[in-house]
Each structure stands twice: as C-alpha cells, then as structure tokens.
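All remarks here apply to the structure that follows.
Hydrogens, waters and symmetry mates play no part in the numbers below; they use all other heavy atoms, side chains included. First the proteins, then the strands, lettered A, B, ... as listed; each starts at 1.
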Number of protein chains: 2
Amino acid sequence: MIDASGKNAVDPKVIKEKEVAFAQFIQDRGLKTTKQRNTIISVFFAMRGHISVEELLVEVKRANPKIGYATVYRTLHLLVESELVQERRFGDGLARYEGHSGVEHHNHMICLECGNISEFSNPSLVKFQGQLAEENNFKIYRHRLELYGACKDEKACQLRKKKKAAHAHGGG
Amino acid sequence: MIDASGKNAVDPKVIKEKEVAFAQFIQDRGLKTTKQRNTIISVFFAMRGHISVEELLVEVKRANPKIGYATVYRTLHLLVESELVQERRFGDGLARYEGHSGVEHHNHMICLECGNISEFSNPSLVKFQGQLAEENNFKIYRHRLELYGACKDEKACQLRKKKKAAHAHGGG
DNA sequence: TCTTTTACGAAATATGTTTTCAATTTGTGT
DNA sequence: ACACAAATTGAAAACATATTTCGTAAAAGA
C-alpha cells in the first residue's frame with residue numbers, strides 16, 4: 001500500500017535514485033524504456049516492505065489499469081536481475097519482493113500472529129556462519145536465516161493484526 | 001532411491017520404529033490402516049535424504065503401480081502432522097520431506113553445484129539466535145537457516161553431480 | 001519517417017498441489 | 001461372517017502461482 005498520509009512514505013529522493021539506477025540497467029542491457037515499466041518501478045519503490053505480486057499489481061492498476069500482470073512479473077524479474085530488488089519466499093507460497101533493504105545480507109523475523117516481517121543483521125552471525133562453513137568444508141554463496149515466532153509486544157502485534165485484517169477487507 | 005546394495009540402507013529396526021509410531025498416530029486419530037499408506041510409509045522410511053514427492057512416487061509405484069500421487073500427497077501430509085516427518089523447501093519450487101533427521105532442529109547446507117543437502121547443528125548458534133530474538137523483542141517458535149553455496153571438495157562434488165545426472169536419465 | 005527490435009496484454013500453458021467424486025475398503029457392531 | 005457407516009482411494013478436475021505464446025503496439029536508431 002502506498003502511504004498517502006505521508007507518515008511512512010518512502011523518501012522521494014530514494015525513489016528517484018532507484019529509478020535512475022534501473023534506467024541505467026535498462027540501457028546497459030540494450031532494453032527499451034517504456035511507460036509501463038516506469039509506472040511499475042515507481043509504484044514499487046514507493047512501497048515499503050516485502051511486497052507480493054498481487055499487492056503490487058493492485059497499486060499498479062491504480063496508476064494504470066491497463067497494465068497486465070504479465071508485465072508486472074516481467075518487470076519484477078528485471079528488477080531482480082538488476083539486483084535492485086531481492087526475491088524472498090517465506091513459505092506462504094508467494095514470492096515477495098524487497099527493494100528497500102537497508103543492509104545487504106540481512107535476515108528476517110516473521111511474526112506468525114500479525115504477519116509482520118522485520119529485518120535484522122549481525123556481524124557476529126556472519127562470522128559464525130563462516131566458521132560453520134569452514135568446519136563443514138563448504139563455500140557460502142548466500143544464506144538465509146528466518147526466525148518464525150511472535151512479537152513480544154503483544155499490544156503492537158494485535159494492533160498490526162487488526163490493521164492487516166482491515167486492509168484485507170479493502171478498508172482503505 | 002532405495003539403496004539396493006545395502007551399503008547405505010536405512011536400518012530395518014529404524015524403519016520398523018517409524019512404522020509403529022505412524023500406526024499409533026493413525027489409531028490415535030481414529031483413522032484407518034490401509035495397504036497404500038503402509039506401502040508409502042515403508043518406502044519413504046527406507047529412503048534417505050530430502051525426498052521430493054516425485055522421487056517418492058517413483059519408488060512407491062515400484063512397490064505398487066496402482067497407487068496414485070494424490071494418495072502420496074495425502075500420506076505425506078499425515079506424516080508431517082504426525083511429526084515423524086518435516087517438510088522443507090529449498091527454493092527449487094518443490095516440497096521435500098525429511099524423515100531421518102538425526103537432530104531435532106538442524107540447519108542445512110545446500111550445494112548449488114551437485115545438489116547435495118547436508119545437515120548441521122550447533123548449540124552456540126541456537127543460543128545466538130535466542131539473543132538476537134531477545135534484543136529484537138521477539139519470541140522464536142522455530143527457525144530456518146540455510147547456507148547455499150558449494151562443496152569445497154570439488155572432486156566429491158563433481159562425482160555427486162555426475163551421479164545425479166545419470167540418475168535423472170534413469171540410470172539405475 | 002521508415003525499419004527493426006523490443007515490449008505489451010490477453011490468453012494459453014506449465015507446474016506443483018489440492019480437491020472432488022464415485023467406487024472401494026476398513027473398522028465396528030451384530 | 002455380514003451389514004453398515006465412515007474413511008480412503010484413484011483418476012480427473014480444479015486450483016494457485018508463475019511463465020510463455022502470439023498478434024499488436026510502441027520505442028530506438030537510420
């Protein structure tokens with residue numbers, strides 16, 4: 001959801017940066033700039049969090065109802081190839097896309113109550129994984145650490161849960 | 001693949017144990033014992049590793065060609081519910097099932113070259129994750145750590161790769 | 001502008017999994 | 001052993017997510 005209140009909106013400068021970087025990628029690849037792609041990536045980078053194709057499509061259609069989901073899929077693949085965006089799968093069967101990762105290789109905590117996905121990263125953990133790999137005669141290309149559980153702050157959690165439910169009913 | 005050479009075969013006692021445990025689960029749930037289910041779980045527990053539905057189905061059909069994949073799926077779900085088996089997904093789009101985990105909550109290293117999946121577990125890592133959760137005000141129910149990369153022993157890796165390719169062509 | 005290449009949208013297809021449904025099998029009471 | 005209700009099966013259809021196809025449209029370069 002694009003935050004219309006401006007409260008939690010993504011800094012327009014950041015969005016611009018990403019747009020420029022993607023334009024560069026498109027050019028380097030000898031691909032073409034199109035209105036649809038521009039729309040999709042602008043909408044995408046204006047969103048926060050771990051966005052499913054479905055969620056993105058809804059917002060994209062708000063901007064231009066004629067854009068189909070094939071184009072959204074195709075553009076997301078390009079975003080992943082450009083390394084501006086990472087694809088994630090948290091086991092609910094859908095791919096999610098993340099374009100505003102603060103830290104390069106971070107991990108996730110997924111609250112099974114309210115659905116909140118938060119990121120963390122820890123240098124010791126990275127070192128630790130390196131050791132483990134060493135011990136096991138393994139060369140790490142990438143890793144994936146996910147902690148599934150619940151927010152300890154139950155109030156905040158319940159609040160998010162309600163918000164999410166309201167959102168699911170189209171309460172916007 | 002069921003190891004016919006006996007070299008790396010699962011101890012029949014272990015298989016028996018699992019069969020008994022599953023029978024118990026079936027009874028506790030008020031479900032019925034069937035030949036198909038017995039066949040499927042026997043075949044499954046005679047196999048090692050992280051088994052896909054496809055792989056299991058091939059072996060099951062060897063024992064009884066009339067068993068369909070719906071039944072295999074259904075039985076796997078029961079096995080997961082009984083907690084005798086865990087479902088895993090390593091990002092290649094298929095669910096894999098693991099019935100002989102030595103350690104309760106272990107992690108995985110996935111070689112992207114030869115496809116080998118090995119397990120490891122480390123008490124310090126568990127402690128570490130607990131700390132991380134504490135810092136982030138989070139209660140862990142379960143976790144998932146996967147290291148994707150390559151075997152450092154390239155010879156062994158290449159060997160496994162070839163073996164796998166041969167197997168894929170029906171070389172058995 | 002003309003031409004070539006690339007991208008688009010809608011629909012078809014692919015893939016992995018789940019569900020439906022009529023027929024069969026199992027467990028239980030007699 | 002027999003009948004009955006409930007559960008299970010296999011084949012096919014449905015499902016959900018993702019990808020590909022194909023005719024049309026749009027973009028970049030000559």
Seminar exercise, completed: When rounded to whole Å, the CD to P distance for the pair Gln36(B) and dT24(C) reads 13 Å
Seminar exercise, completed: Between Lys35(A) and Pro65(B), whichever has its closest DNA chain D nucleotide further toward 5' is Pro65(B)
For this session: Go through the steps for Val85(B) and Glu87(B) under the test side-chain contact (heavy atoms from CB on, under 4.5 Å), then give the verdict.
Result: CA-CA 7 Å; Val85(B) 167; Glu87(B) 183 177 310; over 6 Å; no
Seminar exercise, completed: note: Leu78(B), atom CG; dT8(D), atom P; distance rounded to Å ~ 8 Å
For this session: Grab the CZ-C1' distance between Phe90(B) and dG16(C) for me, whole Å please.
Result: 17 Å
Problem set entry | Interatomic distance where CD belongs to Glu87(B) and C1' belongs to dT17(C) [whole Å] | 10 Å
Exercise. Would you say a side-chain N or O of Arg37(A) is under 4.0 Å from OP1 or OP2 of dC8(C)?
Worked result: yes
Exercise. Residues from residues 66-76 of chain B sitting under 4.0 Å of DNA chain C, heavy atoms only?
Worked result: Tyr69(B), Ala70(B), Tyr73(B), Arg74(B)
Exercise. Would you call the rings of Phe128(B) and Phe128(A) parallel, tilted or perpendicular if under 30° counts as parallel and over 60° as perpendicular?
Worked result: tilted
For this session: Rounded to the nearest angstrom, tell me the gap between atom CG in Leu94(A) and atom P in dG16(C).
Result: 17 Å
For this session: Using a cut-off of strictly less than 4.0 Å, decide whether Thr34(B) has a side-chain nitrogen or oxygen near OP1 or OP2 of dA7(D).
Result: no
Exercise. Any N or O donor-acceptor pair linking the side chain of Lys32(B) to the base of dA6(D) at under 3.5 Å?
Worked result: yes
Exercise. In terms of hydrophobic clustering (I, L, V, M, F, W, Y; side-chain heavy atoms under 4.5 Å; direct or indirect links), are Tyr141(A) and Leu145(A) co-clustered?
Worked result: no
Problem set entry | Ion pair Glu146(B)/Arg88(B), N-O distance below 4.0 Å | no
Exercise. Atom CG of Leu57(B) to atom P of dT15(C): distance rounded to whole Å?
Worked result: 16 Å
Seminar exercise, completed: When rounded to whole Å, the CZ to C1' distance for the pair Arg96(A) and dA18(D) reads 15 Å
Exercise. Should Thr71(B) and Val60(B) be marked as a side-chain contact (heavy atoms from CB on, under 4.5 Å) after you check the CA-CA gap, both sets of side-chain angles, and the distance that decides it?
Worked result: CA-CA 11 Å; Thr71(B) 305; Val60(B) 164; over 6 Å; no
For this session: Answer yes or no: is there an ion pair linking Glu134(B) with Lys152(A), defined by an N-O contact shorter than 4.0 Å?
Result: yes
For this session: Calculate, to the nearest 0.5 Å, the distance between atoms CG and NZ belonging to Asp153(A) and Lys139(B) respectively.
Result: 10.5 Å
Problem set entry | Any His77(A) side-chain N or O less than 4.0 Å from OP1/OP2 of dT19(D) | yes
Seminar exercise, completed: In whole angstroms, the gap separating P of dA6(D) from CZ of Arg29(B) amounts to 19 Å
